[in-house]
Amino acid sequence: MENKHELPKTYDPKSFEDRIYQNWCDKKYFTPSVDDGKPPFSIVIPPPNVTGQLHMGHALDETLQDILIRWKRMEGYSALWLPGTDHAGIATQIKVEEVLRKDEGLTRYDLGREKFLERVWDWKNKYGNRIINQLKKLGSSCDWSRERFTMDEGLSKAVREVFVNLYNKGLIYRGYRIINWCPHCRTALSDAEVEYIEQQGSFWHIRYPLKGGSGYVEVATTRPETMLGDTAVAVNPNDERYTSLIGKTLILPLVGREIPVVADEYVDIGFGTGCVKITPAHDPNDFEVGKRHDLEVIKVISDNGSINELGGKYAGMDRYEARKAIVADLEAEGYLVRIEPHTHNVGTCYRCKTTVEPLASDQWFVKMAPLVGPALDAVKEGRIKFEPERFSKIYINWMENLHDWCISRQLWWGHRIPAFYCEDCGEMTVAKTDVTVCPKCGGTHIHQDPDVLDTWFSSALWPFSTMGWPEKTPEFEKYFPTNVLVTGYDIISFWVSRMIFSSLEHTGNIPFSTVFIHGLVRDAKGRKMSKSLGNGIDPLEIIDKYGADALRFALATGNSPGNDMRFSDEKIEAARNFANKLWNASRFVRMNLTIEETGLPEYASLANEDKWILDRFNRLTATVNSSLEHFEVGVTLSAIYDFTWDVFCDWYVELTKARLNAPGTEENLTAQRVLLYVLTGILKLLHPFMPFITEEIYLSLPHDCESIMISDYPKVTEELYNTEVADSFERVITAIKAIRTRRADMNIAPSRKSKVYIATKYADSFGESTKPFFVRLASASEVEVAEAFDENEVNADNSVQIITDSAVIYLPLADIIDIDKERKRLNTELERLKADAERLNKKLSNESFVSKAPAAVVDGERAKLAKALESISGVETALKKLG
RNA sequence: GGAGGCAUAGCUCAGUUGGUUAGAGCGCAUGCUUGACAUGCAUGAGGUCAUUGGUUCAACUCCAAUUGUCUCCACCA
């Protein structure tokens, strides 16, 4: 047995959390061994961005994962929680560019690609561990020895392997298509990276005159500047208003270009004017129309969002500046018909919120159609389960409506696309290793594609790339597929779905069997926490003030899967108060301990209240284990909370005080052992949720293991169930509560003690050993129990009468009692009970209820009726005695 | 336009396959220095479980519609 330390008088989490975490690390408890012979349980962390700072969303995510992993570890699994970080292409590149501009007044182009990347790596090495250290403050039991980074050597190898395989299968291709372009980040974006924000805009109606001066057509647009790239106007072939115009030629205003009127089903007859200007280079639908009619693609907006050299007099203007100028010119020349206000959704970059510009560009794409089927089947067939289940619908809906995935980014920070071009013969080679000699012409003037891959391309491989894939490492063999993925619903489309189809395609296996989805953490007013609102709550400040355990408790409690939650001062204070309560109860138990052993004494030697608490604890254990199995973290925690506070502290600890005050007796030792057993059990059940305080207390008590985190999680012990004794003891509790209630009703000061006479047919329940409980907890001066009421002992006229379903209790308090009031009260009570009994009678005489309801339910109702009848007879007796 | 969530006490929220008198925290009221804890103890007030219908012996729970509210996806120029 190690030395047991003292527990200081005040609960001060700062005094032990870091020390305990360091000890766990030193002992390597977080690092499971592949050959430990235990069944595997694994989770990979959703890798936070290296640029990131811990926020409440992370705190919730990590807390839930840690709860699961600690629970499974204590249950005897080889529990691996694999941590790491994501290189976060756009975010990190922007971050370092900012620093560069601020500190040195330079742009990345000033440095050049290689030098710039050196700076990014410097930055990563310097600040990339910040978020990892923050995770440690939370108590996360990640296996830091297996920490990975999306751009480390192994993962980069996996990325290349996947790219080349997909390319060779024809699932990756290069194409000239309309993509979403962010003029600020100067890169292409995937559909998922575009956020639509509703904006107040205008609808400009413009006349396009017919060649030859005989009339015009009227088109409407929200982006007038794109007219510089118009190469046709389209009408619906079934639109009778315009059939005569099809095939005619128009003169594009301001530009003077001749463009045709084409017929295309894409045009909605009922919307706008029914005539649509077609700009194939800057609109995805127009691009398709253009392909069908063989129209020229004229790109007029450049990478930085300005009008390019094809824009005539508008060349060089920013797109919004050009819009103003064009509208003004149209008006001056009489082409502008009118301007309508118009609300529409504008696509913006999810990183910088700049309005994206759709433009035609050469990019790399993943062909989605062949990957979707298996990824849908895995969920539909239940091999991958979403928890809560409803999120599988969101997943399915998204997967069924996928376009090809644009994976190339015009950035420098990321995995460079492994495509090599021969400058001599133009051959392109895609290969796992760098190409230096052209396989076609033998030329050596080779350059690699300058683009990098979408960050999510490497994230999609995370569950297996982190395990060493494509090598068959021992980790991969043992821990893949992983068991649970814990993440927020906001990331299902970005990440979860891509992991699923990638894993199925490349490993032939699912990446995880359960996706445990949680909601967002909002502020006390229900608003999303954001930098711009400045309403974010810093988890590290909370930890500093209240402790990591309190933060974890606040995040885990009252939170149901998939739902958003609010974080408030009240919540964190309630959590801290609970920790304080546990701390003090433990201190009380500890100061009364003289024993060293940890087990229970002979069951037969236990008092009824001991058997009662053990029965209740056993039930708690059953609840906890089954609800954790269903990811009901919040329900589990509140069950432990209620038991700890209401059952253990408020009742059982109080009930043991009489025995604790009698040192040296056998009863005293028994009480100590049961107290220690139940308290230790609570600590173990609670440990996954509140790892620090439970460890600190556990080690201060006689303990059976060198750390609570590697001890065994409590399991149900069949022998500890004892409904009969537990029910019998509940009668005592019921009686004490009833006495307290009556005394409070009558405003009897606690200092005013009273004799307590208990008339009951359950005299066994109210044995000699229960009398001190009435003295201590119900202000009794002395207690007398009788099988039946003894008229000689009690003058009912002078007694307060209390009726429970198992006893009639008399408090002789002659000077306080008001006979009329008593009679009235008893009559009201009698009426209520009779109404109850009648209702139950009616229910039980209902033939279909008795025959169709389960026997247990019917029996339950019968028991209720029996209790009601007993109470009725108790009240009637009392009334009779009252005269 | 498509899909989904939510609606329970003054506030914030639980309520695990339908089965007592619907719960918690905070707040409120009353009384307590009960030698672990005032970050506490005891007691209490407070709810037609959004509305209407349906299924069932039985509905806060399942189904449909309605109202309010939030979110995601698509995007008609």
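Per chain, numbering begins at 1; letters A, B, ... match sequence-line order.
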Subject >> Min side-chain heavy-atom separation A/Arg552-A/Leu555 under 4.5 Å >> reply: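 The answer is no, as the side chains (C-beta and beyond) never meet within the 4.5 Å cut-off.
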Original post:
In residues 638-656 of chain A, which ones come under 4.0 Å of RNA chain B, going by heavy atoms?
Top reply: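 Only A/Tyr641, A/Trp645, A/Cys649, A/Asp650, A/Val653, A/Glu654 qualify.
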Any-strand Watson-Crick or G-U partner of [N], both distances under 3.5 Å:
| N | answer |
| --- | --- |
| B/rA58 | none |
| B/rU66 | B/rA50 |
| B/rC75 | none |
| B/rA45 | none |
| B/rU20 | none |
| B/rG40 | B/rC32 |

Select base, sugar-phosphate, or nothing to describe what [X] touches, counting heavy atoms under 4.0 Å on all strands.
| X | value |
| --- | --- |
| A/Asp745 | nothing |
| A/Asn563 | sugar-phosphate |
| A/Ser493 | nothing |
| A/Arg587 | sugar-phosphate |
| A/Lys657 | base |
| A/Tyr196 | base |
| A/Ser568 | nothing |
| A/His342 | sugar-phosphate |
| A/Lys843 | nothing |
| A/Ala585 | base |

With a cut-off of less than 4.0 Å, is there a side-chain N or O of [X] near OP1 or OP2 of [N]?
| X | N | result |
| --- | --- | --- |
| A/Asn592 | B/rA36 | no |
| A/Lys581 | B/rC41 | yes |
| A/Thr741 | B/rU43 | no |
| A/Asn397 | B/rC72 | no |
| A/Arg566 | B/rC13 | yes |

Could you give the distance separating [M] and [N] at their [atom1] atoms, to the nearest angstrom?
| N | M | atom1 | result |
| --- | --- | --- | --- |
| B/rU71 | B/rA65 | C1' | 23 Å |
| B/rA50 | B/rA77 | C1' | 41 Å |
| B/rG27 | B/rG44 | C1' | 14 Å |
| B/rG40 | B/rC49 | C1' | 33 Å |
| B/rU12 | B/rC6 | C1' | 14 Å |
| B/rU52 | B/rU67 | P | 15 Å |
| B/rU16 | B/rA22 | P | 15 Å |

Original post:
Under 3.5 Å, is there a donor-acceptor pair linking the side chains of A/Asp564 and A/Tyr489?
Top reply: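 The criterion, which ignores hydrogens and geometry beyond distance, is satisfied for A/Tyr489 and A/Asp564.
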**OP:** Could you tell me whether A/His205 and A/Phe203 have their ring centroids closer than 6.0 angstrom?
**Re:**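 Yes - the distance between ring centres of A/His205 and A/Phe203 falls below the 6.0 Å cut-off.
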Original post:
Can the ring centres of A/Phe689 and A/Phe578 be said to be less than 6.0 Å apart?
Top reply: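 So the answer is no for these two rings.
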Original post:
Taking 4.0 angstrom as the limit, do A/Lys867 and A/Glu870 come out as a salt bridge?
Top reply: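 A/Glu870 and A/Lys867: not salt-bridged.
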**OP:** Would you please classify the geometry between the A/Phe494 ring and the A/Tyr350 ring as parallel, tilted or perpendicular, with 30° and 60° separating the classes?
**Re:**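 Parallel, since the angle between the ring planes stays under 30°.
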Original post:
So, the side chain of A/Asp230 versus the backbone of A/Lys277: is there a donor-acceptor pair under 3.5 Å, distance only?
Top reply: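 Absent.
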For residues 390-397 of chain A, run the donor-acceptor check on the side chains, cut-off 3.5 Å, and write out each pair with its distance to 0.1 Å, sequence neighbours left out.
unit_1, atom_1, unit_2, atom_2, d
A/Arg390, NH2, A/Gly562, O, 3.4
A/Arg390, NH2, A/Asn563, OD1, 3.2
A/Ser392, OG, A/Glu389, O, 2.7
A/Ser392, OG, A/Glu389, OE2, 2.9
A/Tyr395, OH, A/Ala375, O, 2.8

Original post:
With respect to A/Pro260, which candidate in A/Leu250, A/Thr231, A/Leu295 satisfies the side chain to side chain contact (heavy atoms under 4.5 Å, CB included) definition?
Top reply: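 With A/Pro260 as partner, A/Leu250, A/Thr231, A/Leu295 yield a single side chain to side chain contact (heavy atoms under 4.5 Å, CB included), made by A/Leu295.
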**OP:** Check whether the side chain of A/Asn345 and the base of B/rC75 form a donor-acceptor pair under 3.5 Å.
**Re:**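 By the distance-only test, yes, there is a pair.
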**OP:** Classify the side chain of A/Arg740 versus the base of B/rU43 as yes if they form a donor-acceptor pair under 3.5 Å and no if they do not.
**Re:**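 Not at all, since no donor on one side and acceptor on the other fall under 3.5 Å apart.
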